[in-house]
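Below, chain A is the first sequence line, B the second, and so on; all start at residue 1. Remember, it's a predicted structure, so these values are computed and weren't measured experimentally.
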Protein chains: 4
Amino acid sequence: MKKNKPKYNLIIDAAVDVIAENGYHGSQVSKIAKKAGVADGTIYLYFKNKEDILVSVFEEKMGQFIEQIASATSQRETASDKLLTLIQMHFRQLAANHHLAIVTQLELRQSNLTLRHQINSILKPYLDVIDGIIKEGIEQKIFRNDMNKQLMRQMIFGTLDETVTNWVMNEEKYDLVGLAPAVHDLLTKGIMVR
Amino acid sequence: MKKNKPKYNLIIDAAVDVIAENGYHGSQVSKIAKKAGVADGTIYLYFKNKEDILVSVFEEKMGQFIEQIASATSQRETASDKLLTLIQMHFRQLAANHHLAIVTQLELRQSNLTLRHQINSILKPYLDVIDGIIKEGIEQKIFRNDMNKQLMRQMIFGTLDETVTNWVMNEEKYDLVGLAPAVHDLLTKGIMVR
Amino acid sequence: MKKNKPKYNLIIDAAVDVIAENGYHGSQVSKIAKKAGVADGTIYLYFKNKEDILVSVFEEKMGQFIEQIASATSQRETASDKLLTLIQMHFRQLAANHHLAIVTQLELRQSNLTLRHQINSILKPYLDVIDGIIKEGIEQKIFRNDMNKQLMRQMIFGTLDETVTNWVMNEEKYDLVGLAPAVHDLLTKGIMVR
Amino acid sequence: MKKNKPKYNLIIDAAVDVIAENGYHGSQVSKIAKKAGVADGTIYLYFKNKEDILVSVFEEKMGQFIEQIASATSQRETASDKLLTLIQMHFRQLAANHHLAIVTQLELRQSNLTLRHQINSILKPYLDVIDGIIKEGIEQKIFRNDMNKQLMRQMIFGTLDETVTNWVMNEEKYDLVGLAPAVHDLLTKGIMVR
DNA sequence: GATGAATGAGTTTTCATTCAT
DNA sequence: TATGAATGAAAACTCATTCAT
């Protein structure tokens with residue numbers, strides 16, 4: 001969060017709203033400027049180009065998103081509890097912010113590859129949090145030690161992401177946060193009976 | 001697959017190549033026409049518009065993709081074996097077709113929402129195959145009966161999709177098909193020690 | 001009228017209908033071909049190009065139109081009666097043929113200058129008929145001898161044309177033929193009281 | 001005339017020239033922009049689309065045209081004098097502006113029906129001027145009271161329009177303004193000897 | 001810092017016409 | 001004669017970005 005740059009945050013927040021309302025391709029710079037209450041040219045005093053607005057949106061919003069999760073999980077003891085907390089926080093934050101959910105799950109994915117790569121870098125700290133929990137779980141002898149850790153992380157992240165995307169595409173008609181325990185159960189114990 | 005429409009398939013295949021090589025946004029109709037060896041106008045004898053080419057690409061290719069998987073899984077007895085086969089076939093087909101993997105995992109996701117919804121409909125039969133395996137597994141008392149079946153499917157599909165996307169974004173540097181048993185193991189038994 | 005060329009007339013008549021129904025710019029060659037029940041390519045066995053179809057439409061239809069008028073006026077004695085007959089026939093024929101009225105008064109005027117010049121040549125015999133009546137009227141000492149004859153013809157034709165165009169643009173809501181005597185009266189005696 | 005919008009008028013005037021020189025169908029937006037000395041995109045800051053340029057051209061130019069005529073006729077006493085003045089002004093203005101004459105008599109008529117209807121609305125005030133003169137003439141007992149007034153107006157406008165169109169199509173080879181008295185004489189007294 | 005008028009590159013789609021059968 | 005699949009040229013419009021004020 002850039003401090004003492006009120007227009008910077010004005011533009012970021014306007015961008016989230018405009019993209020959520022008009023879709024990625026319907027979000028012209030002039031529309032964002034209008035929503036933010038600044039002139040088109042002013043945008044370019046704070047952002048290099050349009051792509052930079054979008055990267056910054058993701059950076060700012062995901063930054064907060066990840067911080068919240070990192071902070072919350074650090075307060076739990078076992079890796080299993082940490083994972084449940086991560087799932088709950090992941091769902092809770094997106095469920096609480098309708099526009100952000102649409103932008104991250106649907107709209108920003110329509111961007112070009114360059115932007116997608118930048119988005120991936122921004123996501124890196126989140127994947128690191130997951131990796132940390134996995135490592136801890138193994139050390140605590142709670143999680144399996146015979147498995148490719150990268151694969152474990154891909155299963156966790158892939159499952160959460162797919163679950164949220166389905167929920168958004170179903171117009172958020174059911175309770176996402178309520179699914180957290182079941183998702184945790186499935187991820188930890190698998191789909192097979194024991 | 002439209003039979004006896006040689007130009008139709010010529011254009012579909014050209015589209016896959018052009019999109020894989022130039023990216024979604026760099027794929028002008030004229031480029032596809034040139035690669036297919038037909039005139040620009042000919043495209044419009046077979047497709048309503050540019051979006052229709054992309055939908056058709058996905059339709060044709062995913063149609064074959066799903067058929068292969070449906071056919072292969074039907075030859076296995078237990079739901080667990082079917083799931084392993086599905087994972088293997090999923091990975092094998094995309095690993096075997098570099099261009100198709102890029103197009104489905106990266107390029108086609110840059111499309112607008114209308115197109116994304118159409119893509120989802122095309123994907124529906126694949127999700128049905130997964131749902132069928134889950135149902136069978138429960139009947140065979142192999143898979144858990146206490147879990148939200150939609151969530152189980154989302155975990156399976158989300159994990160496969162994330163795994164393949166990671167592999168493509170890592171420039172396909174490692175053996176994707178070799179990961180199938182581990183992915184199967186994780187999905188069925190979870191990440192926790194028993 | 002080309003004899004023994006059934007497809008020729010089929011195409012001409014189809015063209016009138018298609019233009020009346022779809023407007024000048026909505027009348028593609030393929031639409032005319034379809035309406036005529038022939039293949040697109042067949043059109044080019046009878047007409048040099050699209051413009052040639054339109055010229056021929058006007059030629060055929062106006063040919064009949066003018067013949068009717070020339071024949072009817074020749075049966076009247078005085079130039080004044082001939083003029084009344086001409087006006088009546090002009091109005092009657094267009095009132096009787098809705099599609100033809102739309103095509104000649106509105107649609108064909110949207111054509112380019114080349115076509116407009118050709119249309120003018122086709123109209124020449126009609127102007128000749130008017131000129132003949134004027135000349136006869138002067139010889140009969142019924143019409144004024146002190147006036148520019150070309151101007152007299154322009155007044156007559158301009159008035160008829162404007163009257164019909166207004167009637168077509170008003171969706172032919174009133175009785176056009178019934179106006180003939182009044183138009184004749186105005187043209188011969190002018191708008192001023194005597 | 002939009003005041004203080006220099007680019008607006010620059011584009012309007014460029015459009016008249018370009019259309020007169022290249023014809024209606026040969027007048028690309030880019031050609032008009034180039035002639036006006038602005039970028040293509042600038043056109044769209046002042047006009048909704050290409051058709052809007054054409055409507056505006058007619059609006060501006062006919063607005064001035066009609067104002068001149070309305071002002072000049074109002075300074076004459078009798079309806080007959082007013083009519084003569086109207087004819088003179090009509091001819092004089094078009095004779096004085098070669099490009100405008102071509103555009104109004106030939107090029108703008110090639111437009112589609114939507115545009116033609118808009119052109120008709122713009123022409124309405126001119127027809128109102130004619131109607132006013134007719135009404136006045138009847139009140140002054142100069143013009144006939146036994147005639148359909150709409151028909152009288154159609155004769156006047158149709159005659160002027162046909163006369164000017166003939167003159168333009170004959171490459172303006174003779175003196176149009178000099179014809180005014182004869183046209184006035186024909187319109188008021190008709191073609192018949194008394 | 002802030003403005004917003006001006007720029008101009010870039011692409012899908014239509015449709016008259018051809019020609020191998 | 002007749003067909004109809006194939007051709008390919010041609011143009012309006014959008015919008016990210018700049019820069020004089």
Side-chain N,O (Y46(C)) to OP1/OP2 (dT1(F)) below 4.0 Å: no
Short side-chain N/O contact to dA5(F) OP1/OP2 from K7(B), under 4.0 Å: no
5' precedence on DNA chain F between G37(B) and D40(D) (nearest-nucleotide basis): G37(B)
Working for side-chain contact (heavy atoms from CB on, under 4.5 Å), residues L54(D) and Y24(D): CA-CA 10 Å; L54(D) 301 171; Y24(D) 180 78; 3.3 Å; yes
Full working for side-chain contact (heavy atoms from CB on, under 4.5 Å) between R109(B) and Q110(A): CA-CA 6 Å; R109(B) 317 225 165 174; Q110(A) 298 176 44; over 6 Å; no
Residue whose closest nucleotide on DNA chain E lies nearer the 5' end, L45(D) versus K48(B): L45(D)
Toward the 5' end of DNA chain F, by each residue's nearest nucleotide, S30(A) or S30(D): S30(D)
Any T42(D) side-chain N or O less than 4.0 Å from OP1/OP2 of dA6(E): no
5'-most by nearest nucleotide on DNA chain E - H25(B) or Y44(C): H25(B)
K50(B) side-chain N/O to dT13(E) phosphate OP1/OP2 under 4.0 Å: no
Chi angles and distances behind the side-chain contact (heavy atoms from CB on, under 4.5 Å) call for Y8(D), I12(D): CA-CA 6 Å; Y8(D) 177 89; I12(D) 290 281; 3.9 Å; yes
Strand partner of dA20(F), provided both Watson-Crick or wobble distances fall under 3.5 Å: dT3(E)
Separation of F65(A) CZ from N97(A) CG (nearest 0.5 Å): 10.5 Å
